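Read the structure below first, then the notes.
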Amino acid sequence: MTETPPHSRKSPYPLWFFIPAAIIYGVLFLFPTISSLWYSLTRWDLSTAQFIGLENFQQFFSEPFLVKGLVNTLLYAVTTSGLKTVCGLLLAVLLTSNIFARGFLRTLVFFPVLVSTIGIGITFTVMMHPTKGIINVTLETLGIPGPGWLTNPALALFSVALVDVWKGVGLATLIFIAGLAAISPDYYEAARIDGATRLQQFFRITLPLVRPATVIVVTLSLIGGLRSFDLIWAMTRGGPGFSSDVIASVIYKQYQAGFYGLSTAGNVILFALIAVIILPFTLRFDRREVEE
Amino acid sequence: MTHRIKLILAGASALLALAAASPSHAETTLSFLIDNNPDTVAAAEALVAAYQAKAPDVTIEIEPRAGGGEGDNIIKTRLATGEMSDVFLYNSGSLLQALKPAQTLVDLSGLASQAKVVEGFKSVVRADGKLYGVPFGTAMAGGILYNRKVYQDLGLTVPKTWADFMANNAKVKASGKVAVAQTYRDTWTSQLFVLADYYNLHAAVPNFAGDYTANKAKYAKTPAATKGFERLKDVHDAGLMNEDFGAASYDDGLRMVATGEAAHYPMLSFAIGAIKQNYPENLADVGFFAQPSDDAATNGLTVWMPPALYIPLTSQHTEEAKKFVDFAGSVEGCKIMVETNTVQGPPLINGCDLPANVPPAVKDMLPYFDAKEKTTPALEFVSPVKGPALEQITVEVGSGIRQPAEAAKLYDEDVRKQAKQLGLPNW
């Protein structure tokens with residue numbers, strides 16, 4: 001048995017070729033990741049770190065709002081990701097069809113993606129003001145009493161999620177447009193000859209064939225939703241009370257209070273959570289693509 | 001073109017010459033970090049102008065920062081990373097203790113100005129027997145700002161008991177005005193009913209602060225401590241608040257109480273400064289009273305100490321910075337601040353007296369300070385423990401989301417976390 005196993009086959013490149021990239025990777029990614037794992041086990045005031053074992057994790061999980069933050073994070077991620085995927089696909093179908101002012105409409109959908117999240121947050125906070133905001137003032141003239149979009153604890157998270165969808169749907173649409181463009185028109189032609197309706201064409205041809213784009217959109221928006229922070233912070237700061245807190249805002253609050261070790265532990269938990277949700281998801285879809 | 005290049009070269013060489021020829025003696029530039037409250041900026045600018053006139057070789061650059069939790073963050077991060085300015089303004093009391101002054105700040109016990117600083121203030125900038133700060137501004141208090149015109153129009157008198165207060169509120173509401181302004185967009189403003197109730201808590205349970213620090217007393221198990229949360233609920237349940245309380249900001253609250261849109265706004269008296277800046281024509285309409293208690297006989301004021309000026313150990317210009325801070329803490333410096341800054345209560349430097357024309361809200365406070373036993377320092381000045389989530393919890397109680405008893409229990413949890421992080425014994 002002197003056969004060389006395949007993984008030790010000699011690489012065509014010399015080792016030093018990889019060193020610059022390895023240094024960049026080590027300094028920018030490996031070192032921070034490992035050091036944050038270490039700091040999550042300490043009571044850390046940025047100058048001294050005292051090792052306290054798993055106490056930070058224990059504290060984080062006994063945090064009365066962690067469970068709520070966790071549920072909110074999942075709710076937020078699923079809502080935004082689902083709506084972005086569905087709306088993005090529908091918009092993409094609309095914007096690849098022969099409609100009036102297509103280029104302009106495409107720009108219009110993509111525009112919010114380019115604007116600063118904080119700017120959007122502040123603008124919508126003003127627009128969603130319960131008595132003076134343009135949304136409720138408009139509703140009032142129609143005779144409908146507008147809710148406290150950001151001040152009602154049952155609504156706040158979803159109001160932010162809607163704004164997030166409005167902001168992010170442009171990117172999803174763009175990805176779907178690219179996916180739709182890759183589908184050969186021959187399929188549609190054949191289907192039309194066979195007498196397939198528009199709806200049948202959509203469900204039997206478009207939907208299965210944009211799957212790669214769908215996977216990208218779902219993965220990106222799910223990761224984005226799970227670690228979402230800036231928009232929530234700009235609009236509600238996790239409030240009223242704790243009702244729109246997500247893990248990222250809980251972490252930020254610990255950091256603000258000076259609990260650096262504790263907030264690092266929170267980051268490790270968030271990292272693990274994203275890995276646990278996203279990894280099986282991408283693995284599953286990757287395999288399916290290979291099988292096909 | 002060549003002329004321009006020559007000019008640039010000349011400028012550059014002049015700069016180089018300056019840079020080379022400026023060892024320790026010539027021009028010193030001190031950086032001075034303050035919060036962005038307009039009142040603070042005005043006072044700091046006046047102080048710096050006066051000092052630069054006295055010491056022309058020193059230039060002081062003022063750098064404003066955000067307030068609230070964001071400001072705490074900036075201070076802690078910059079201090080820990082060695083990026084702190086030469087002089088900075090920050091809270092005294094429990095928030096100072098969280099900076100670990102003995103390890104991060106320059107000892108200011110030796111400054112000449114310390115001789116005239118009153119002991120009450122020294123106790124809140126002291127750690128390990130050393131003094132680390134000089135006062136910036138006057139003492140202040142937590143209580144209730146009220147509109148004197150509304151009181152006059154409705155024939156109300158300043159309440160001493162909670163029942164009187166609620167009766168006044170009912171009359172204000174009946175007149176169609178907002179009885180109590182609440183501004184939960186700026187969450188910190190929601191804490192006042194709880195924090196300003198400390199005089200009453202202290203009167204009922206005199207050893208609360210000590211027991212609380214030692215993990216022997218709890219908010220949830222001390223009825224007098226839970227009362228603060230109940231006050232919030234009372235006001236919410238009676239429907240006395242402005243309709244947009246969840247989205248209104250601190251400045252909205254000030255506007256409401258200054259213009260008479262609302263009769264009351266529970267707040268720290270430093271708000272008088274902001275009212276003077278933003279609503280100067282209404283300053284005379286605003287009065288102030290201590291948080292009402294259950295018993296008229298024990299009514300008194302919960303007092304906050306002002307922030308202080310500190311020098312970080314990382315400063316490159318410690319000696320120059322000390323001279324400036326010494327000036328700020330002197331009677332002369334105090335007088336400059338009292339004249340430019342709005343007075344929020346009595347000064348903390350002996351020999352620096354209040355001007356005669358102080359706003360009525362400040363006049364309302366002085367009797368409490370003059371009388372014996374009518375003031376007590378706020379809990380955050382007598383105990384290092386203050387939970388960071390109190391403002392969210394008070395928003396919940398004030399919005400009717402959470403019941404007072406449950407809120408007190410939750411706050412105890414939050415406090416436990418803080419105490420553990422500080423490494424206090426017995427937690």
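Below, read A as the first sequence line, B as the second, and so on, with proteins coming before strands; counting in each chain starts at 1. Predicted, not measured: the structure shown is a model, and the values here were computed from it.
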Take B/Lys420 and A/Ile52, measure what side-chain contact (heavy atoms from CB on, under 4.5 Å) needs, and give me the verdict at the end. CA-CA 11 Å; B/Lys420 280 183 99 161; A/Ile52 51 168; over 6 Å; no
Cut-off 4.5 Å, heavy atoms of chain B, and the answer for A/Asn56 is side chain
Output the distance between atom OG1 (A/Thr151) and atom CZ (B/Phe245), rounded to the nearest 0.5 Å. 7.0 Å
So, the part of B/Glu391 with a heavy atom under 4.5 Å from chain A: the answer is neither
Using a heavy-atom distance cut-off of less than 4.5 Å, which residues of residues 76-93 of chain B contact chain A? B/Lys76, B/Thr77, B/Ala80
Which portion of B/Lys100 sits near chain A, non-hydrogen atoms under 4.5 angstrom: side chain
With a 6.0 Å cut-off (strictly less than), is the heavy-atom count around OH of B/Tyr250, excluding the residue itself, greater than 12? yes
Check the pair A/Phe65, B/Leu410 against side-chain contact (heavy atoms from CB on, under 4.5 Å), reporting the backbone distance first and the verdict last. CA-CA 10 Å; A/Phe65 292 100; B/Leu410 192 62; 3.5 Å; yes
If we only count heavy atoms from C-beta on, is the B/Lys417 to A/Leu262 side-chain gap below 4.5 Å? yes
Might you confirm whether atom CH2 of A/Trp149 has over 12 heavy atoms from other residues, nucleotides or ligands at distances under 6.0 Å? no
Part of A/Phe60 lying under 4.5 Å from any heavy atom of chain B: neither
Whatever's closer than 4.5 Å to a heavy atom in chain B on A/Gln59 counts as side chain
Has A/Ile134 got more than 12 heavy atoms of other residues, nucleotides or ligands less than 6.0 Å from its CD1? no
More than 12 heavy atoms of other residues, nucleotides or ligands under 6.0 Å from CZ of A/Arg227: is that the case? no
Counting only heavy atoms not in A/Phe51, do more than 12 sit closer than 6.0 Å to its CZ atom? yes
Would you mind reporting whether A/His129 and B/Arg185 have side-chain heavy atoms less than 4.5 Å apart? no
Taking heavy atoms only and a threshold strictly under 4.5 Å, list by residue number the residues of residues 237-244 of chain B that touch chain A; give 'none' if the list is empty. B/Glu243, B/Asp244
Let's go through A/Lys253 and B/Gln392 carefully: what are the C-alpha distance in whole Å and the side-chain angles of both, what is the deciding distance for side-chain contact (heavy atoms from CB on, under 4.5 Å) to 0.1 Å, and is it a yes or a no? CA-CA 11 Å; A/Lys253 283 182 190 164; B/Gln392 278 88 23; 3.7 Å; yes
Side chain, backbone, both or neither of B/Ile393 within contact of chain A (heavy atoms, under 4.5 Å): both
For chain A, which candidate among B/Gln103, B/Gln418, B/Arg416 shows the most heavy-atom pairs at distances under 4.5 Å? B/Gln418
Tell me, yes or no, whether the heavy-atom count around B/Lys218 atom NZ, taken from other residues, nucleotides or ligands under 6.0 Å, exceeds 12. yes
For chain A, find which of B/Ser399, B/Gly246, B/Ala247 contributes the most heavy-atom pairs closer than 4.5 angstrom. B/Ala247
Can you tell me which portion of A/Pro153 sits under 4.5 Å from chain B's heavy atoms? Options are side chain, backbone, both or neither. side chain
For the residue pair B/Val395 and A/Gly241, what are the closest heavy atoms and their distance? CG1-N, 3.5 Å
Let me confirm one number: the CZ-CG distance from A/Arg237 to B/Asp186, rounded to the nearest 0.5 Å. 8.0 Å
Minimal heavy-atom distance between A/Ser62 and B/Glu413, with the atoms involved, is O-OE1, 4.4 Å
Examine whether an atom of A/Glu63 lies under 4.5 Å from a heavy atom of chain B, and if so say whether it belongs to the side chain, the backbone or both; otherwise answer neither. side chain
